[in-house]
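Below: one structure, written as structure tokens.
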Amino acid sequence: MQYGLIGAGPVSQYLVRWFPHLPAELGPVAANNPRLASRIVNTLRAGSALRDVSGLQDVSVILICAPGHHLESLLPFLENAALDWRGKKIVLCNCVLFSLEMEHIRECGGHVASLRPIAGMPKRLLIEGDREAVKAARYFVTEMRAVAVEIEPESTALFRAATTFATSLFTPMLEACMQAVRGAGISGSLRDQVVESLFQQGLRSYLYSGKKSWTGTVADGNKEWMRRELACLEELQPELAELYRTTATAGARLFKRPRSIPPPPEVNAAETASFREPY
């Protein structure tokens, strides 16, 4: 397949660097300025730099390589490009946006798909988008000897939500666990090992038995120990108690276990000392 490329951002993060036949297949390369286009060509050691994007008019498949949020800064350039998008198959390579968010190109008759790695899963690439563009994306997956994990364009928000649970929402839980372990007096590398072991055990249990793996103080609805744990966390750092209470409440509602909802804040600092006893 012969294809063109529009690039932005660090070339070292371009997914196309792993395409085995890149030197033979990559054609014209464009960017928001000719100097950047030349730098992309020199770094990839493939393709030919264009002075303007109109040189891509005769190319039916165009890769857009703009890692992370660099695609957002490229959008005005794409919207003002002197290019007829009708019938063209556009593949977003490791970009933050998905196909439905490329409204201008799709409204102009272009077909858009996205292709990106799945964190922690080598040789697995997530693809979604318009049917014609997905066919082109599958070609690159095959070239990389990888496996395509395809979702519907309308489901991308759910995949984003899954990623958010695993990153933005998971990291505070890790930090809270680390703070609690540190507060309990465990230090050094052993502290890290304890946190890692606790979460790995929880993950293994969940993958084996799903929701049935929900156990412990909150799952058991043990109000007394919830009060004690919350009081100690409040003394250690109030935000930890807030995270505990919010997460436990949401979990109880998700699993329809109203008895597991933590008690309201009612333990004062003076009472906290009496709760510092071993489990």
Side-chain angles (χ1 to χ4, degrees), residues 1-31 40-41 43-47 56 59-75 78 85 87-103 105-106 110-170 203 207:
M1 182 189 294
Q2 294 292 318
Y3 47 85
L5 184 150
I6 300 174
V11 183
S12 61
Q13 298 179 23
Y14 283 13
L15 190 60
V16 297
R17 294 177 62 247
W18 307 107
F19 292 179
H21 304 300
L22 184 67
E25 297 181 341
L26 181 60
V29 175
I40 293 171
V41 168
T43 304
L44 294 177
R45 296 182 180 179
L56 289 166
V59 181
S60 61
V61 176
I62 300 174
L63 309 180
I64 296 181
C65 295
H69 293 278
H70 288 282
L71 179 57
E72 295 176 345
S73 63
L74 192 62
L75 290 180
L78 296 174
W85 297 102
K88 294 194 180 301
K89 294 176 275 291
I90 311 301
V91 180
L92 307 175
C93 294
N94 201 19
C95 299
V96 70
L97 300 183
F98 287 93
S99 62
L100 291 180
E101 296 169 279
M102 303 300 290
E103 298 174 356
I105 293 176
R106 299 179 77 246
H111 308 288
V112 185
S114 70
L115 174 66
R116 70 192 66 211
I118 300 177
M121 298 184 70
K123 296 298 183 179
R124 296 291 189 276
L125 296 170
L126 185 77
I127 63 174
E128 60 78 33
D130 301 322
R131 184 176 60 181
E132 293 301 318
V134 164
K135 289 180 182 178
R138 282 188 171 276
Y139 168 80
F140 298 115
V141 173
T142 302
E143 284 289 281
M144 297 176 68
R145 296 184 179 180
V147 176
V149 179
E150 187 171 350
I151 62 174
E152 294 297 324
E154 295 78 11
S155 300
T156 54
L158 286 174
F159 185 82
R160 281 186 185 274
T163 302
T164 298
F165 275 116
T167 53
S168 298
L169 300 181
F170 186 55
L203 177 59
L207 293 178

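Residues take their numbers from the sequence shown, with the count starting at 1.
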Taking it one step at a time, do Ile127 and Phe140 satisfy side chain to side chain contact (heavy atoms under 4.5 Å, CB included)?
CA-CA 11 Å; Ile127 63 174; Phe140 298 115; over 6 Å; no
If we only count heavy atoms from C-beta on, is the [X] to [Y] side-chain gap below 4.5 Å?
X      : Y      : value
Tyr139 : Glu25  : yes
Leu44  : Arg17  : yes
Leu97  : Ser114 : no
Leu63  : Phe19  : yes

Please report the shortest heavy-atom distance between [X] and [Y], naming the atom on each side.
X      : Y      : value
Ile62  : Lys88  : CD1-CD, 3.8 Å
Leu125 : Ala146 : CD1-CB, 4.0 Å
Leu15  : Pro117 : CD1-CG, 4.1 Å
Cys65  : Val16  : SG-CG1, 3.7 Å
Val134 : Ala113 : N-CB, 3.7 Å
Val29  : Gly47  : CG2-CA, 4.2 Å

Can you sort out the partners of [X] under salt bridge (Lys or Arg N to Asp or Glu O under 4.0 Å), two or more places apart, ordered by chain and number?
X      : answer
Arg116 : none
Glu150 : Arg138
Glu101 : Arg160

Taking Thr167 for its side chain and Thr163 for its backbone only, find out whether a donor-acceptor pair lies under 3.5 Å.
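Side chain of Thr167 to backbone of Thr163, a donor-acceptor pair under 3.5 Å: yes, one is there.
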Nearest 0.5 Å, what's the [atom1]-[atom2] distance between [X] and [Y]?
X      : Y      : atom1 : atom2 : answer
His21  : Met1   : NE2   : CE    : 12.0 Å
Glu152 : Leu158 : CD    : CG    : 12.0 Å
Lys123 : Trp18  : NZ    : CH2   : 9.5 Å

The criterion is side chain to side chain contact (heavy atoms under 4.5 Å, CB included); which residues satisfy it with Ala161, sequence neighbours excluded?
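Side chain to side chain contact (heavy atoms under 4.5 Å, CB included) check on Ala161 returns nothing, list empty.
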For Ser99, check side chain to side chain contact (heavy atoms under 4.5 Å, CB included) against everything at least two apart and list the hits.
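For Ser99 the side chain to side chain contact (heavy atoms under 4.5 Å, CB included) partners, ignoring immediate neighbours, are Val112, Glu128, Pro153.
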Is there a side chain to side chain contact (heavy atoms under 4.5 Å, CB included) between Leu78 and Ile64 once you walk through the steps?
CA-CA 10 Å; Leu78 296 174; Ile64 296 181; 3.9 Å; yes
Could you go through Val96 and His70, starting from their C-alpha distance and side-chain angles, then the distance that decides it, and tell me whether this counts as side chain to side chain contact (heavy atoms under 4.5 Å, CB included)?
CA-CA 8 Å; Val96 70; His70 288 282; over 6 Å; no
Do the charged groups of Glu103 and Arg106 touch, with an N to O distance under 4.0 Å?
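Looking at Arg106 together with Glu103, the answer is no, because their closest N to O distance does not fall below 4.0 Å.
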When the side chains of residues 2-14 are checked against the rest of the protein, which donor-acceptor pairs come out under 3.5 Å, sequence neighbours left out?
residue: Gln2; atom: NE2; partner: Ala24; partner atom: O; Å: 3.3
residue: Tyr14; atom: OH; partner: Ala8; partner atom: N; Å: 2.9
residue: Tyr14; atom: OH; partner: Ala8; partner atom: O; Å: 3.1

Please say whether more than 12 non-hydrogen atoms of neighbouring residues, nucleotides or ligands are located less than 6.0 Å from CD in Glu154.
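Yes.
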